[in-house]
Structures are given as C-alpha cells and as structure tokens.
> 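To start, I am sharing the structure in question, which I have written as structure tokens.
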Amino acid sequence: MRIYLIGYMGCGKSTLGLKLAGELDLTFIDLDKFLEERNYKTVPQIFSEFGEEGFRLRERRALEEVSEFTDVVVATGGGAPCFYDNMELMNRTGITVFLDIETSIIAERLIKSKTERPLIAGKSKAELVRFIQESLKKRKPFYEQAQLRISKPDGALNEIIAEIRQKK
Ligand code: S3P
C-alpha cells in the first residue's frame, strides 16, 4: 500500500502522515526530508543554489523514487502535485489524500511554524494571507485531482482510515 498526502504548506500532512503510518503499520516518509538527504542540502539551500526550478526537478526525482517503495505514507511538499505530471504519477501509484484546510488556519500555523519555507520567508501576516489565497487558486485544480479529500485532519483519523481501507 502507498498513500500520498497532499495539500498546502502547513495543512498538517506530516502530523497526519505519522499517525496514519502508525495506525496502518506503514513507514512514514516526508518527501522534503527525503530529498534533503538525497541531495545533502536543505530545502532553503536548494532553492538558493538552484532556484525553484532546480528544487522542483529534485522533488520530482525524489517522488519517482518513493513511488516505487511499498507500504509507505508519503507527506509531499505543498507544491509537489502542481509540477510535471506528479499528480498523475501519484494517482497511478497510490491513494492520494487532499488535506483541504481553510486559509486562515493555514496562515496561523505557518506563522507559528519553525520550518524554513523559502516561498513565504519574511512575509507579514497580511502578505501571507494574500499569497496563500493567490497560490491556492492555482494549486487547487491539482489538489482536487486527489482520490480522497479531508477537511478536518485533526479529529478524523478513523474516518480517513475507513475511507482508505475502502479504496484498497
Ligand atoms: C513548498 C512546500 C514545502 C517545501 C518547499 C516548497 C511549496 O513543503 O516543499 O518549501 O511550494 O508549497 P511543506 O508543504 O511541507 O511546507
């Protein structure tokens, strides 16, 4: 079994992914961490050395690699579904789950988060909210190609597991 969690930065993919992996006895993979290990560089280093294009290429390569692993839950980076034919690759090789969380909650979480995210570095709260709204407009058509959609990842673990089991 292979499950891909997709959705905007800060929507809780890693938190949910860890819980799901524990419940379903699968291995959890954070795609950003995986590609950092493969490239011996952090995500911010990759962005500053190779630009976003270089990051997306490395992200694609990492995704191709994990798409051959079995019994994994993969938390993908927020942009991963929106480049190349990554969404098609994930839909073909696993169960895709979109964590559809409200902009205001995402903004709150991103402000508190300690993870360095080059695309939103240095933005004020107002700028961040505007940026999220604009980029979500472009990203939603990709996210919406997921097989399952969840709007409340925090309290809905059992429901998610039941839906995943049905899909299997
Ligand atoms: C990105 C999201 C990040 C990371 C990179 C770019 C994006 O992952 O891949 O900073 O384009 O939305 P998270 O969604 O885990 O923050």
Side-chain angles (χ1 to χ4, degrees), residues 2-21 27-67 69 72-90 94 96-125 127-146 148-154 160:
R2 203 176 289 115
I3 300 169
Y4 297 101
L5 301 180
I6 68 166
Y8 207 78
M9 293 178 256
C11 73
K13 292 162 293 194
S14 297
T15 309
L16 177 66
L18 272 168
K19 287 188 196 159
L20 267 180
T27 302
F28 175 70
I29 297 176
D30 181 307
L31 194 67
D32 282 336
K33 295 221 171 80
F34 183 82
L35 76 86
E36 287 183 331
E37 281 164 21
R38 279 287 180 273
N39 291 280
Y40 299 98
K41 283 181 172 53
T42 64
V43 168
Q45 281 169 340
I46 297 173
F47 265 84
S48 76
E49 275 187 46
F50 307 109
E52 182 171 357
E53 213 185 322
F55 173 76
R56 297 302 170 195
L57 181 62
R58 284 158 181 80
E59 182 176 56
R60 166 67 187 196
R61 287 195 201 125
L63 190 60
E64 281 173 3
E65 211 177 320
V66 303
S67 73
F69 295 170
V72 287
V73 179
V74 184
T76 62
C82 317
F83 292 84
Y84 304 97
D85 58 346
N86 291 349
M87 199 60 219
E88 192 272 325
L89 171 67
M90 292 190 272
T96 47
V97 184
F98 169 30
L99 273 58
D100 188 8
I101 305 301
E102 272 172 50
T103 301
S104 58
I105 298 176
I106 291 176
E108 284 300 327
R109 288 195 188 168
L110 289 175
I111 281 165
K112 287 190 199 129
S113 168
K114 298 273 178 289
T115 309
E116 231 189 291
R117 293 177 166 99
L119 292 178
I120 54 169
K123 291 202 190 305
S124 69
K125 186 165 180 196
E127 286 167 341
L128 185 60
V129 169
R130 221 172 309 125
F131 178 83
I132 296 170
Q133 285 166 340
E134 277 169 23
S135 55
L136 258 179
K137 258 188 244 160
K138 293 184 214 141
R139 289 182 172 193
K140 270 242 167 135
F142 294 95
Y143 294 159
E144 283 170 348
Q145 292 169 37
L148 300 175
R149 180 202 293 239
I150 273 114
S151 309
K152 282 202 195 89
D154 291 342
I160 301 168

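Both ligands and their constituent atoms are indexed starting at 1 by order of listing. Being a predicted model, the structure only gives us computed values, none of them experimental. The analysis underlying the following values was restricted to heavy atoms, covering all of them including side chains, and did not include hydrogens, waters or symmetry mates.
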> Does some side-chain heavy atom of E144 sit less than 4.5 Å from a side-chain heavy atom of R149?
yes
> Could you list the residues that satisfy side-chain contact (heavy atoms from CB on, under 4.5 Å) with Q45, not counting sequence neighbours?
K41, T42
> For atom 14 (O) of ligand 1, what is the closest protein heavy atom, and at what distance to 0.1 Å?
K13 NZ, 2.6 Å
> Within a distance under 4.0 Å of any heavy atom of P118, pick out the atoms of ligand 1 and give their elements.
10 (O)
> With heavy atoms of L119 as the reference, note each atom of ligand 1 found under 4.0 Å away.
7 (C), 11 (O)
> Could you tell me the residue and atom name of the protein heavy atom closest to atom 16 (O) of ligand 1, and the distance to it rounded to 0.1 Å?
R117 NE, 2.6 Å
> What's the spacing between Y40 OH and I46 CD1 if we round to 0.5 Å?
12.5 Å
> Show which atoms of ligand 1 fall inside a sub-4.0 Å distance from at least one heavy-atom site of R56.
7 (C), 11 (O)
> Tell me the protein heavy atom at minimum distance from atom 15 (O) of ligand 1, and give that distance in Å.
D32 OD2, 3.4 Å
> Below 4.0 Å from any atom of ligand 1, is there a heavy atom belonging to R139?
yes
> Within a distance under 4.0 Å of any heavy atom of G77, pick out the atoms of ligand 1 and give their elements.
8 (O), 9 (O), 14 (O)
> What's the shortest heavy-atom distance between A62 and L35, and which atoms?
CB-CB, 3.7 Å
> Could you report the tightest heavy-atom contact between F83 and E52, atom names first, then the distance?
CZ-OE2, 3.5 Å
> For G78 and ligand 1, does the shortest N/O to N/O distance drop below 3.5 Å?
yes
> K13 and Y8: which non-hydrogen atoms are nearest, and at how many Å?
NZ-O, 3.5 Å
> Determine whether I106 and M9 make a side-chain contact, defined as any pair of heavy atoms from C-beta on separated by less than 4.5 Å.
no
